[in-house]
Novice: 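My questions will all concern the structure given below.
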Amino acid sequence: MNDRKYGLAKNEERLKEKQKVKLMLVKKVCPRLAIMNKLKQKFRKIFENRKTNWLRELLRIGIWHQRAKQYFPDSVKTITNWIDEIIAYFENRTRIGVVEGINHKLKLIKRSAYGFMNFEDYKNRCLLTWYFNC
């Protein structure tokens with residue numbers, strides 16, 4: 001059973017022959033899973049393409065959104081809520097690791113000062129830190 005679930009979760013291009021056969025059997029037994037798997041693969045391909053503009057990718061996400069809302073209602077809702085961040089990803093190709101690193105650095109600055117008297121002092125300290133570390 002785990003091999004079948006793994007085949008559904010893994011990128012289809014990276015499946016071994018045995019996993020491909022099992023995935024085909026699962027798709028045959030459950031057509032709904034076949035559709036969901038196809039939608040998942042299409043969504044993955046949207047983010048794999050490196051040389052595209054954000055407007056084209058937003059259109060592709062919109063098309064995917066319409067097809068996927070009955071199969072992935074929670075995921076579609078999350079994508080709708082985070083659409084600005086998704087567009088920013090396509091504009092700058094900023095990954096979550098970069099953002100997490102920035103947040104971590106900001107927290108360290110805040111901790112090292114034991115609190116600032118006002119936001120302006122905190123902002124200046126952050127800007128100075130980035131200026132001298134870049």
Side-chain angles (χ1 to χ4, degrees):
M1 182 68 174
N2 286 341
D3 284 341
R4 284 183 233 141
K5 286 189 337 190
Y6 185 68
L8 285 169
K10 193 174 180 183
N11 190 348
E12 277 191 32
E13 286 98 32
R14 295 187 177 164
L15 291 177
K16 297 175 184 164
E17 283 305 312
K18 188 176 178 183
Q19 291 171 326
K20 286 180 183 179
V21 170
K22 286 184 179 182
L23 181 60
M24 284 178 27
L25 290 172
V26 169
K27 287 179 177 182
K28 197 179 246 185
V29 171
C30 185
R32 184 174 176 86
L33 272 178
I35 294 168
M36 292 173 78
N37 185 273
K38 185 176 181 180
L39 286 167
K40 178 198 63 131
Q41 294 297 330
K42 284 186 178 206
F43 191 74
R44 177 177 278 154
K45 286 185 188 276
I46 291 170
F47 287 90
E48 286 178 351
N49 194 354
R50 293 277 177 211
K51 296 182 180 181
T52 59
N53 65 24
W54 66 269
L55 191 56
R56 179 174 173 228
E57 298 311 320
L58 183 61
L59 179 63
R60 289 177 67 194
I61 289 173
I63 293 167
W64 181 89
H65 189 282
Q66 288 300 312
R67 293 177 182 160
K69 63 183 170 186
Q70 76 182 64
Y71 298 100
F72 302 107
D74 293 339
S75 297
V76 166
K77 186 177 177 184
T78 300
I79 290 166
T80 302
N81 291 339
W82 287 86
I83 198 67
D84 291 339
E85 289 79 2
I86 292 169
I87 291 170
Y89 167 78
F90 286 116
E91 284 180 328
N92 305 318
R93 294 292 175 180
T94 304
R95 297 202 177 256
I96 193 72
V98 174
V99 175
E100 290 294 326
I102 292 168
N103 285 338
H104 179 70
K105 194 167 195 173
L106 291 172
K107 288 177 185 178
L108 286 174
I109 292 168
K110 190 169 85 174
R111 266 188 249 137
S112 70
Y114 298 105
F116 289 94
M117 295 304 287
N118 59 41
F119 179 75
E120 196 64 30
D121 291 344
Y122 175 64
K123 181 180 93 172
N124 290 337
R125 177 76 173 265
C126 292
L127 291 173
L128 282 171
T129 301
W130 256 270
Y131 178 75
F132 287 114
N133 286 336
C134 293

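All residue numbers refer to positions in the sequence shown, counting from 1.
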Novice: Can you measure from CG (Leu39) to OH (Tyr71) and round to the nearest 0.5 angstrom?
Specialist: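 Leu39 CG to Tyr71 OH: 7.0 Å, rounded to 0.5 Å.
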Novice: How many angstroms lie between atom NE2 of His104 and atom CD1 of Ile109, to the nearest 0.5 angstrom?
Specialist: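 So the NE2 of His104 and the CD1 of Ile109 are separated by 10.5 Å.
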Novice: Return the set of residues passing ring pair (Phe, Tyr, Trp, His ring centres under 6.0 Å) with Phe72 (not counting sequence neighbours), or none when no residue passes.
Specialist: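 Ring pair (Phe, Tyr, Trp, His ring centres under 6.0 Å) list for Phe72, sorted by chain: empty.
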Novice: Please enumerate all residues that pass side chain to side chain contact (heavy atoms under 4.5 Å, CB included) together with Arg44, with sequence neighbours excluded.
Specialist: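 Scan of Arg44 (side chain to side chain contact (heavy atoms under 4.5 Å, CB included), adjacent residues dropped) gives Asn11, Lys40, Gln41, Glu48.
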Novice: Residues two or more places apart in sequence or in another chain: which of them pass side chain to side chain contact (heavy atoms under 4.5 Å, CB included) with Lys20?
Specialist: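 Per chain and number, Lys20 pairs via side chain to side chain contact (heavy atoms under 4.5 Å, CB included) with Leu15, Glu17.
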Novice: With sequence neighbours left out, which residue pairs that include part of residues 26-45 fulfil the ring-ring contact (aromatic ring centres under 6.0 Å, His included) condition?
Specialist: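 Pairs touching residues 26-45 that pass the test: Phe43-Phe47, Phe43-Trp64.
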Novice: Does Lys123 have any side chain to side chain contact (heavy atoms under 4.5 Å, CB included) partners at least two apart in sequence or in another chain, and if so, which?
Specialist: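 Lys123 satisfies side chain to side chain contact (heavy atoms under 4.5 Å, CB included) with Phe119, Glu120, Leu127 once adjacent residues are dropped.
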Novice: So how far is it from Asp121 CG to Cys126 SG, rounded to the nearest 0.5 Å?
Specialist: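 Asp121 atom CG to Cys126 atom SG measures 11.0 Å (nearest 0.5 Å).
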Novice: Partners of Gln66 by side chain to side chain donor-acceptor pair (under 3.5 Å), sequence neighbours excluded?
Specialist: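 Scan of Gln66 (side chain to side chain donor-acceptor pair (under 3.5 Å), adjacent residues dropped) gives Lys69.
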Novice: Mind checking the CG-CD1 spacing from Leu58 to Ile63? Nearest 0.5 Å is all I need.
Specialist: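 Result: 10.0 Å between the selected atoms.
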Novice: What's the shortest heavy-atom distance between Gln70 and Arg32, and which atoms?
Specialist: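 Heavy atoms only, the tightest pair is O-NH2, 3.4 Å.
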Novice: For residues 80-87, please give each side-chain donor-acceptor pair under 3.5 Å, one per line with the distance, not counting sequence neighbours.
Specialist:
{"from": "Thr80", "atom 1": "OG1", "to": "His65", "atom 2": "NE2", "distance (Å)": "2.9"}
{"from": "Thr80", "atom 1": "OG1", "to": "Val76", "atom 2": "O", "distance (Å)": "2.9"}
{"from": "Asn81", "atom 1": "ND2", "to": "Lys77", "atom 2": "O", "distance (Å)": "3.4"}

Novice: How does the hydrophobic cluster around Leu108 look, that is, which other residues are in it when side-chain heavy atoms under 4.5 Å mark a link?
Specialist: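 Besides Leu108, the hydrophobic cluster comprises nothing; the residue is isolated.
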Novice: Within the 4.5 Å heavy-atom criterion, are Leu59 and Leu55 side-chain neighbours or not?
Specialist: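 When only atoms from C-beta onward are counted, Leu55 and Leu59 do not touch, as no gap falls below 4.5 Å.
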Novice: Applying salt bridge (charged side-chain N to carboxylate O under 4.0 Å, His left out), name anything that partners Lys45, two or more places apart in sequence or on another chain.
Specialist: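 Expected list: Glu13.
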Novice: Please round to the nearest 0.5 Å and tell me the distance separating atom CG of Leu106 and atom OH of Tyr122.
Specialist: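 Answer rounded to 0.5 Å: 4.5 Å.
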